[in-house]
Amino acid sequence: MITLVLCSSEIREMEMKMALLKAPTPQLQWRCSVAPTTLAFPNSHSISAGRGKGREWSWRVKCTTSATTSGGGSAEIEKGAANFSPGSPVRATNILVVGATGTLGRQIVRRALDEGYDVRCLVRPRPAPADFLRDWGATVVNADLSKPETIPATLVGIHTIIDCATGRPEEPIKTVDWEGKVALIQCAKAMGIQKYVFYSIHNCDKHPEVPLMEIKYCTEKFLRDSALNHIVIRLCGFMQGLIGQYAVPILEEKSVWGTDAPTRIAYMDTQDIARLTFIAIRNEKLNGKLLTFAGPRAWTTQEVITLCERLAGQDANVTTVPVSILRFTRQLTRVFEWTNDVADRLAFSEVLSSDTVFSVPMADTYNLLGVDSKDIITLEKYLQDYFSNILKKLKDLKAQSKQTDIYF
């Protein structure tokens with residue numbers, strides 16, 4: 001863990017800010033309500049989550065913005081209330097990556113280091129330290145978005161936050177993706193952060209019945225209402241995720257799971273996402289903008305499996321799950337309170353298994369960023385490179401195995 005050394009002026013400034021940040025996260029009530037709710041920002045955020053027969057169910061997130069300071073008084077943590085003037089100038093190359101150990105986060109870190117940024121990574125305390133980040137040249141600091149008091153110290157001397165974080169599968173969705181993000185945004189505002197980059201989900205505004213997508217949409221609005229300079233980037237899907245989902249099981253002759261729905265997703269390489277992100281960060285005209293990144297082509301699950309089969313040179317053992325089964329399972333898990341989080345994630349799976357296209361035309365975005373579409377890797381090329389490399393390694397291992405065989 002890295003210890004931050006502060007000068008006296010920074011300490012005084014931080015003490016003043018910490019007085020307000022004693023309770024940086026609004027008190028949130030995440031509960032089921034039968035009354036229809038509406039979105040109201042920045043003081044309250046109400047999240048609808050689908051309808052049951054004869055009644056409307058909604059997840060309500062209530063933000064209480066009154067906080068108690070260390071002196072016993074109260075302060076309103078509202079838009080503009082924590083508008084501190086920054087102390088000594090902070091270099092634009094000083095960035096904090098939140099969620100740096102994830103699929104996208106680690107590519108953001110590598111790209112930033114390659115482009116000469118000073119990278120600090122916010123990482124939760126964990127049994128297996130994120131040594132690979134240090135090996136690359138980044139600074140690692142321990143903090144936890146679910147513990148707001150650990151956040152402010154990580155922001156000292158930071159110009160830009162790049163937020164790639166999301167909750168772990170075993171965690172309630174609201175813990176990191178809502179409460180943690182609200183705390184982080186409020187701390188960023190109070191600490192004078194100059195820019196905040198937030199990754200969201202394409203079409204999150206069109207699926208209020210899915211808690212994760214609605215939380216992403218609410219976080220977008222909360223960030224906009226904070227008055228921070230920011231960029232919101234909505235994503236469709238990662239090519240890297242297809243390796244564990246399809247490529248590896250096919251090579252190991254294990255079952256791969258698919259659905260009977262014609263959903264199409266424009267997967268994108270996280271290295272391309274990272275490259276486009278830093279082009280956007282350096283373009284001041286994009287402050288406050290919403291961008292969507294999508295791959296060159298949208299693919300169905302069956303098309304991806306067929307491509308993997310061709311590149312692997314073997315057939316896949318495909319287990320198809322009908323969308324109707326996902327819907328029934330989601331309804332069943334809603335019956336038990338302890339399975340609500342499972343139901344929330346199944347709701348996301350149901351959207352991904354519906355007749356939906358997760359893609360957008362990218363011509364205008366490429367022009368805006370000054371990027372040639374030919375420089376964006378296709379899924380065919382990405383998977384071809386993967387299978388070529390892995391099959392060559394397997395062939396080399398087989399050859400080495402034969403050379404070391406001992407016969408008696």
Table please: side-chain donor-acceptor pairs of residues 364-375 below 3.5 Å, with sequence neighbours left out.
residue : atom : partner : partner atom : Å
Asn367  : ND2  : Ala363  : O            : 3.3
Asp372  : OD1  : Lys374  : N            : 3.0

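Panel note: side chain Ser359, backbone Ala266; no donor-acceptor pair is recorded below 3.5 Å. In this structure, the side chain of Glu214 does not engage the main chain of Leu212 through any donor-acceptor pair within 3.5 Å. With hydrogens and angles disregarded, no donor-acceptor distance shorter than 3.5 Å links the side chain of Gln107 to the backbone of Gln271. Side-chain N or O atoms of Ser388 include none that pairs as donor or acceptor with a backbone N or O of Asp385 at under 3.5 Å. No donor-acceptor pair under 3.5 Å is formed between the side chain of Arg297 and the backbone N or O of Thr378. Side-chain atoms of Asn94 come within 3.5 Å of backbone N or O of Gly157 as a donor-acceptor pair. Side-chain N or O atoms of Arg106 include none that pairs as donor or acceptor with a backbone N or O of Ala100 at under 3.5 Å.
The minimum heavy-atom distance between Asp177 and Gly167, with the atom names listed, is OD2-N, 3.0 Å. Minimum interatomic distance between Ala112 and Val119 (heavy atoms only, all atoms of both residues): CB-CG2, 3.5 Å. The minimum heavy-atom distance linking Cys308 with Ile250 is given by the pair CB-CD1, 3.5 Å. Listed here is the closest heavy atom pair of Ala130 and Val140: O-CG2, 4.2 Å. Shortest non-hydrogen contact noted between Leu291 and Ala280 is CD1-CB, 4.1 Å. Nearest approach of Val109 to Cys121, heavy atoms of both residues: CG2-SG, 3.7 Å.
Of the N and O atoms on the side chains of Gln240 and Thr103, not one donor lies less than 3.5 Å from an acceptor on the other residue.
Using a 4.0 Å cut-off between charged side-chain N and carboxylate O, Arg134 and Asp131 make a salt bridge. One finds no salt bridge joining Glu220 and Lys181 here, because no Lys/Arg side-chain nitrogen approaches an Asp/Glu carboxylate oxygen to under 4.0 Å.
You'll find the side chain of Val90 stays beyond 4.5 Å of the side chain of Gln194, heavy atoms only. Side-chain atoms of Ile243 and Phe238, non-hydrogen and from C-beta on, never get closer than 4.5 Å to each other. In this structure, Met239 and Ile377 have side chains that are in contact, with non-hydrogen atoms separated by less than 4.5 Å. Side-chain atoms of Arg124 and Thr101, non-hydrogen and from C-beta on, never get closer than 4.5 Å to each other. With contacts defined as side-chain heavy-atom distances shorter than 4.5 Å, the pair Ile305/Glu309 qualifies. Val232 places none of its side-chain heavy atoms less than 4.5 Å from the side chain of Thr219. Considering only heavy atoms from C-beta on, Ile161 comes within 4.5 Å of Leu155 through its side chain. At a threshold of 4.5 Å between non-hydrogen side-chain atoms, the residues Glu253 and Asn317 do not count as touching.
When each of Glu303, Gln302, Arg310 is checked for a side-chain hydrogen bond (donor to acceptor under 3.5 Å, both in side chains) with Thr306, only Gln302 meets the rule. Tested against Val98, the residues Val197, Val123, Val176, Asp163 include a single side-chain contact (heavy atoms from CB on, under 4.5 Å) partner, Asp163.
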**Prompt:** Hey, mind stepping through Asp114 and Arg111 against salt bridge (Lys or Arg N to Asp or Glu O under 4.0 Å) and telling me if it holds?
**Reply:** CA-CA 5 Å; Asp114 289 344; Arg111 185 75 194 188; 6.0 Å; no
**Request:** Under the side-chain contact (heavy atoms from CB on, under 4.5 Å) rule, what do Met268 and Leu276 come out as? Steps first, then yes or no, please.
**Result:** CA-CA 11 Å; Met268 198 171 197; Leu276 298 186; 3.5 Å; yes
**Message:** Before you tell me yes or no, could you show the steps for Tyr386 and Val248 under side-chain contact (heavy atoms from CB on, under 4.5 Å), namely the whole-Å CA-CA distance, both residues' side-chain angles and the distance that decides it to 0.1 Å?
**Reply:** CA-CA 10 Å; Tyr386 171 79; Val248 172; 3.5 Å; yes
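Once rounded to the nearest 0.5 Å, the distance linking CZ of Arg234 with CZ of Phe198 reads 9.5 Å. Taken from SG in Cys204 to CG in Leu235, the straight-line distance is 10.5 Å, to the nearest 0.5 Å. Between the CG atom in Leu251 and the OH atom in Tyr246 there is a gap of 15.0 Å [rounded to 0.5 Å]. Rounding to the nearest 0.5 angstrom, the gap separating the CG atom in Leu104 from the CG atom in Asp269 is 10.5 Å. Note that the CG atom of Leu96 and the OG1 atom of Thr154 stand 5.0 Å from one another [nearest 0.5 Å]. With rounding to the nearest 0.5 Å, the separation of NZ in Lys216 from CD1 in Ile173 is 10.5 Å.
Arg110 pairs by the salt bridge (Lys or Arg N to Asp or Glu O under 4.0 Å) definition with nothing, not counting sequence neighbours. Residues that satisfy the side chain to side chain donor-acceptor pair (under 3.5 Å) test with Tyr199, not counting sequence neighbours, are Thr277. Glu252 pairs by the salt bridge (Lys or Arg N to Asp or Glu O under 4.0 Å) definition with Lys254, not counting sequence neighbours. Every residue two or more places apart in sequence or in another chain that forms a ring-ring contact (aromatic ring centres under 6.0 Å, His included) with Phe132 is listed here: Trp136.
Sorted by first and then second residue, the pairs that involve residues 277-305 and meet ring pair (Phe, Tyr, Trp, His ring centres under 6.0 Å), not counting sequence neighbours, are Tyr117-Phe278.
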